[in-house]
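Report on the structure given below.
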Amino acid sequence: MTTKLPTITKLDHALEPILRKMETRGMQVDVPYLENLAERFQGEISELEQKIYRAAGHEFTIDSPRQLGAVIYDELHLDGGEDIFIRKTKTKQASTAARELNKLVDAHPIVPLILEYREKKKLLSTYILTLPGQVAEDGRIHTTYSIDTAAGRLSSKNPNLQNIPVRTDEGKGIRRAFVAKKGYELLSIDYSQIELRIAAHFSNDPGLIKAFTEGDDIHAATAKTMGVDRRVAKAINFGLLFGQGTFGLAENLHISQADAKTFIDQYFENFPKLHAWMDHVQELAHEKGYAETLLGRKRFLGELKGHNAALRAFAERVAINHPIQGTEAEIVSMAMLEVDKQVPEKTAAMLLQVHDELVFEIPKGTAKKVAEQIRPIMEGIIKLSVPIVTEAKAGPNWAEMIPLE
DNA sequence: TCAAGCTAAACT
DNA sequence: ACAAAGTTTAGCTTGA
């Protein structure tokens, strides 16, 4: 394909009718299954509640961070010991977020109970109980997409179908409720490591390009180049997309800031042009007052000239992230346009876009053939200095999908 | 009683 | 003091 690139205005404009089609089509949801799930979760949550009250010595509103904090930090005096620091919230209270509670899991039996309660309660209230009420007459859920985010990504609301659980087994149980209609199956195709590939392309870093050309596991490849563990390389690869510093990496890997700095220095020694590109976009943002994507979507960053160090640092991270995240959105949008143009609805009905993933409803048994038609469109929509790769999987619902070939 | 702000958590 | 980008949703708290 790689014809001429559209302007962002034209791209956004052309995408609108496709989004409206996707919204109108909707996606089928297995309501009885969710109702059954609801009963199970209700029961498990009630039991957890009782255990938590017993562990605390009294009843309280577990959903209230304030009351929960009082129980954990004031009554039980949990602090995790020596060099454990519990973050404070904006209002100076000790945070009860999962990342903090995780530091206290071994300190008292109430902590793991709370974490389990929180996970189940979130899934129950946000998804299991709510989704059935959002199912229309046609048995399908119709989200609403917008393109008004800072970097040009889509957002989805009423309900948000871009944050349906997937990470845990419990979460996958909810995703399983999203099904294909009778005689059809779901086909999901996602871009593999698209943001890192964009960073490789923009920076033209030979090490990063080599890593992408060599194998299918980018984290292993960068780890090999650096001579560190795969999980370290993976953490840095992700972190760099957000402009993460030593503090963030140290927290993430549970290592000292000094060690984190060593890893980051080592990373940039191996990928010097990536480092240079990051410096370059920051300088450019400073000069021009904005950062921009491949197609020129601008994000204005007046804070770069301000005197507030925290805001300035934030804007500097955005200057790096915006071109990456925004260009990802543009590539996916262009692919959606081209797929819509080339693939008839009866062959593959596009239902969802989840940033780097497209979900289609297709006649049963056609997955292999349809994927062979769509994947080249997605992979060839633009030419970068590294290959663009997609992965396809298919199945009866959004949770139980088998990779194709 | 309602709205706005805060906290937490789900996803990429 | 801050520390990792972008979203939406739910429940609690607080103040009008």
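Per chain, numbering begins at 1; letters A, B, ... match sequence-line order. Everything numeric here is computed off the predicted structure, so don't read it as measured data.
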State whether T126(A) places a side-chain N or O below 4.0 Å from either non-bridging phosphate oxygen (OP1 or OP2) of dT8(C).
no
S155(A) has its side chain closest, among dA10(C), dT9(C), dT7(C), to dT7(C)
For F271(A) together with Y267(A), are the ring centres under 6.0 Å from each other?
yes
Hey, where on DNA chain B does chain A first and last touch, going 5' to 3'? Cut-off is any atom under 4.0 Å from a heavy atom.
dC6(B) to dT12(B)
Using atom NZ of K90(A) as one end and atom P of dC2(C) as the other, report the distance to the nearest whole Å.
11 Å
Using a 4.0 Å heavy-atom cut-off, does T61(A) contact any base of the nucleic acid, only the sugar-phosphate backbone, or nothing at all?
sugar-phosphate
Looking at every strand, decide which applies to A309(A) at a 4.0 Å heavy-atom threshold: base, sugar-phosphate, or nothing.
nothing
Among E47(A), E49(A), E44(A), salt bridge (Lys or Arg N to Asp or Glu O under 4.0 Å) partner for K120(A)
E44(A)
What's the CD-C1' distance between E316(A) and dC2(C), to the nearest Å?
13 Å
Report yes or no: is the cationic atom of K298(A) (NZ for Lys, CZ for Arg) under 6.0 Å from the centre of the six-membered ring of Y290(A), at an angle within 45° of the ring normal?
yes
Ionic contact status for K393(A) with E405(A), cut-off 4.0 Å
no
Atom pair distance, as rounded to whole Å: CD in E330(A) and P in dG6(C)
16 Å
Contact class for G245(A) (heavy atom, under 4.0 Å): base, sugar-phosphate, or nothing?
sugar-phosphate
Set out, in order, the CA-CA distance, both residues' side-chain angles and the distance that settles side chain to side chain donor-acceptor pair (under 3.5 Å) for R87(A) and S95(A), then state yes or no.
CA-CA 6 Å; R87(A) 286 170 189 260; S95(A) 167; over 6 Å; no
Which nucleotide in the list dA10(C), dA5(C), dA3(C) gets nearest to the side chain of V318(A)?
dA5(C)
Sugar-phosphate only, base, or nothing, as touched by R299(A) at under 4.0 Å among non-hydrogen atoms:
sugar-phosphate
In whole angstrom, give the distance that lies between atom CZ of F85(A) and atom P of dA1(C).
12 Å
Would you say T130(A) reaches dA10(C)'s phosphate, i.e. side-chain N/O to OP1/OP2 under 4.0 Å?
yes
Report yes if the distance between the aromatic ring centroids of F238(A) and H219(A) is under 6.0 Å, otherwise no.
yes
Could you check whether R230(A) pairs with D217(A) (Lys NZ or Arg NE/NH1/NH2 to Asp/Glu carboxylate O, under 4.0 Å)?
yes
Whole-Å P distance, dA8(B) and dA3(C)
15 Å
Check this for me: does any side-chain nitrogen of one of R118(A) and D63(A) sit under 4.0 Å from a carboxylate oxygen of the other?
no
With a non-hydrogen cut-off below 4.0 angstrom, is N252(A) in contact with a base, only sugar-phosphate, or nothing?
base
Atom pair distance, as rounded to whole Å: CD1 in I320(A) and P in dA4(C):
12 Å
Do we see F242(A) stacking on the base of dA4(C), given a limit of 5.5 Å between centres and 30° between planes?
no
In whole angstrom, give the distance that lies between atom CZ of R317(A) and atom P of dA5(C).
5 Å
Taking the C1' atom of each, how far is dA4(C) from dG5(B), in whole Å?
23 Å
Does a nitrogen or oxygen in the side chain of N158(A) sit under 4.0 Å from OP1 or OP2 of dT9(C)?
yes
Distance check needed: dC2(C) P versus L311(A) CG, whole Å only.
12 Å
So what does I164(A) touch, heavy atoms closer than 4.0 Å: a base, only the sugar-phosphate, or nothing?
sugar-phosphate
Can you tell me the distance, in whole Å, between the CD atom of Q93(A) and the C1' atom of dT14(C)?
13 Å
Give F314(A) one of three labels, base, sugar-phosphate or nothing, depending on what nucleic acid heavy atoms sit under 4.0 Å from its own.
sugar-phosphate
Applying a 4.0 Å non-hydrogen cut-off, can you work out what Q67(A) is touching in the nucleic acid: base, sugar-phosphate, or nothing?
sugar-phosphate
